[in-house]
Amino acid sequence: MTATAQQIDLIKNSIKSIPDYPKPGILFRDITSLLEEPAAYAASIEMLTSRYRDAGITKVVGTEARGFLFGAPVALALGVGFVPVRKPGKLPRETLKETYDLEYGQDSLEIHRDSIKPQDNVLVIDDLLATGGTVEATVKLIRQLGGSVTHAAFVINLFDLGGAQRLENMGVDCYSLVDFPGH
Ligand SMILES: O=P(O)(O)OC[C@H]1O[C@H](OP(=O)(O)OP(=O)(O)O)[C@H](O)[C@@H]1O
Ligand SMILES: Nc1ncnc2[nH]cnc12
């Protein structure tokens with residue numbers, strides 16, 4: 001087995017699956033068990049970082065809350081700034097807002113207007129891609145502020161929920177470390 005295949009195995013085996021959470025019919029892929037295993041957590045950050053080391057990324061944007069756990073370490077490792085996209089009312093400076101659909105509900109996200117500059121080449125990171133609504137809203141926020149986004153990266157892709165296609169249709173290349181069915 002190659003070193004990369006070993007890293008992927010370590011990551012995949014560290015993720016727990018919980019049926020019917022938070023609602024009946026949802027199979028919840030839980031990354032808290034990955035965070036508890038330093039080797040798996042380190043492997044996920046290392047794989048995400050190495051993929052984008054030479055991509056000219058100037059900022060990493062991560063979405064609340066689980067996107068922070070992967071986006072911030074990758075930003076540090078790449079030596080670029082981290083920008084949080086947060087649920088409404090959490091950011092203190094002037095914000096821009098987008099509403100989006102979740103696999104199990106609807107929500108809004110906000111970003112600080114002054115965090116993205118027109119010359120920024122932004123990498124969006126989240127723990128998990130399901131329908132793509134969260135990252136679609138995030139990409140829209142960044143683009144409205146003049147930033148460029150061509151890459152989004154995830155630990156998990158729920159491959160049968162259409163998220164990657166939805167983002168590819170917006171010109172965003174998607175990369176994920178492990179794939180699971182959504183149900
Ligand atoms: O591709 P989508 O269908 O948009 O779903 C994926 C999003 O859903 C989860 O976040 P959630 O909104 O549950 O928030 P949390 O990270 O604060 O738990 C997950 O962390 C992703 O951000
Ligand atoms: N099935 C799922 N597991 C974990 N987080 C999610 N966010 C949206 N769908 C999810």
Side-chain angles (χ1 to χ4, degrees), residues 8 11-37 40-41 44-45 47-48 52 59-75 82-91 95-112 115-116 122-144 149-183:
I8 291 171
I11 294 164
K12 194 157 196 172
N13 292 333
S14 73
I15 296 163
K16 291 190 173 153
S17 299
I18 295 98
D20 300 319
Y21 179 88
K23 287 185 178 171
I26 301 288
L27 181 53
F28 193 86
R29 307 294 184 174
D30 179 21
I31 52 89
T32 66
S33 43
L34 179 157
L35 302 175
E36 289 172 19
E37 270 188 47
Y41 195 6
S44 66
I45 301 307
M47 285 190 72
L48 292 170
Y52 298 103
K59 283 203 179 113
V60 173
V61 167
T63 53
E64 184 170 354
R66 287 174 262 155
F68 297 172
L69 299 165
F70 298 94
V74 170
F82 175 74
V83 176
V85 160
R86 296 209 63 182
K87 310 247 161 111
K90 300 284 189 184
L91 292 171
T95 56
L96 189 63
K97 179 177 186 164
E98 270 287 327
T99 299
Y100 65 103
D101 291 322
L102 271 181
E103 190 188 3
Y104 41 78
Q106 202 186 44
D107 216 336
S108 297
L109 287 174
E110 293 182 345
I111 191 168
H112 275 139
S115 293
I116 301 293
V122 179
L123 168 64
V124 176
I125 293 197
D126 205 348
D127 69 317
L128 177 143
L129 177 62
T131 66
T134 304
V135 170
E136 182 182 72
T138 301
V139 169
K140 284 181 181 168
L141 287 170
I142 297 161
R143 287 182 176 167
Q144 281 177 75
V149 192
T150 50
H151 295 284
F154 308 85
V155 178
I156 302 166
N157 178 20
L158 304 184
F159 61 83
D160 49 357
L161 298 185
Q165 189 59 55
R166 187 168 171 182
L167 298 178
E168 302 282 347
N169 291 345
M170 307 176 76
V172 178
D173 177 74
C174 292
Y175 172 64
S176 53
L177 304 183
V178 299
D179 289 351
F180 285 110
H183 299 282

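Keep in mind the model is a prediction, meaning the values are calculated, not measured. The chain is numbered in sequence order, starting from 1. Both ligands and their constituent atoms are indexed starting at 1 by order of listing.
Under the 4.0 Å criterion applied to side-chain N and carboxylate O atoms, Glu64 and Lys90 are not assigned as salt-bridge partners.
Compare Arg66, Glu136, Arg86, Glu64 by their heavy atoms: the one nearest to atom 11 (P) of ligand 1 is in Arg66.
Judged as a side-chain contact (heavy atoms from CB on, under 4.5 Å), and not counting sequence neighbours, the contacts of Glu168 are Gln165, Asp173, Cys174.
Short contacts between ligand 1 and Leu128, defined as distances under 4.0 Å to a heavy atom of the residue, involve ligand atoms 6 (C), 21 (C). Short contacts between ligand 1 and Lys87, defined as distances under 4.0 Å to a heavy atom of the residue, involve ligand atoms 11 (P), 12 (O), 14 (O), 15 (P), 17 (O). Residue contact check: Leu158 has heavy atoms under 4.0 Å from atoms 1 (N), 2 (C) of ligand 2.
Of all heavy-atom pairs spanning Phe159 and Pro181, the tightest one is CE2-N, 3.3 Å. Of all heavy-atom pairs spanning Ile111 and Leu141, the tightest one is CG2-CB, 3.9 Å. Residue Ser176 comes nearest to Asn157 through the heavy atom pair OG-CB, 3.4 Å, listed as atom of the first residue, atom of the second, then distance. Among all heavy-atom pairs drawn from Asp107 and Pro88, the shortest one is OD1-CD, 4.2 Å.
The proximity of Asp127 to ligand 1, defined as any non-hydrogen pair under 4.0 Å, is limited to the side chain. Heavy atoms of Asp126 found under 4.0 angstrom from ligand 1 belong exclusively to the side chain. In Leu27, the part holding a heavy atom less than 4.0 Å from any atom of ligand 2 is the backbone. Contacts between His183 and ligand 2 below 4.0 angstrom, taking non-hydrogen atoms only, are absent altogether.
In this structure, Gly163 does not count as a contact residue of ligand 1, since none of its heavy atoms falls inside 4.0 Å of the ligand.
The one candidate from Leu96, Val149, Ile142 that meets the side chain to side chain contact (heavy atoms under 4.5 Å, CB included) condition with Ile116 is Ile142.
For the residue pair Ser108 / Thr99, a side-chain donor-acceptor distance below 3.5 Å is found, with atom types taken as modelled.
Where the criterion is an N or O separation shorter than 3.5 Å, residue side chain and backbone included, Ala65 meets it with respect to ligand 1. Note: an N/O pair closer than 3.5 Å links Ala130 and ligand 1 by distance alone.
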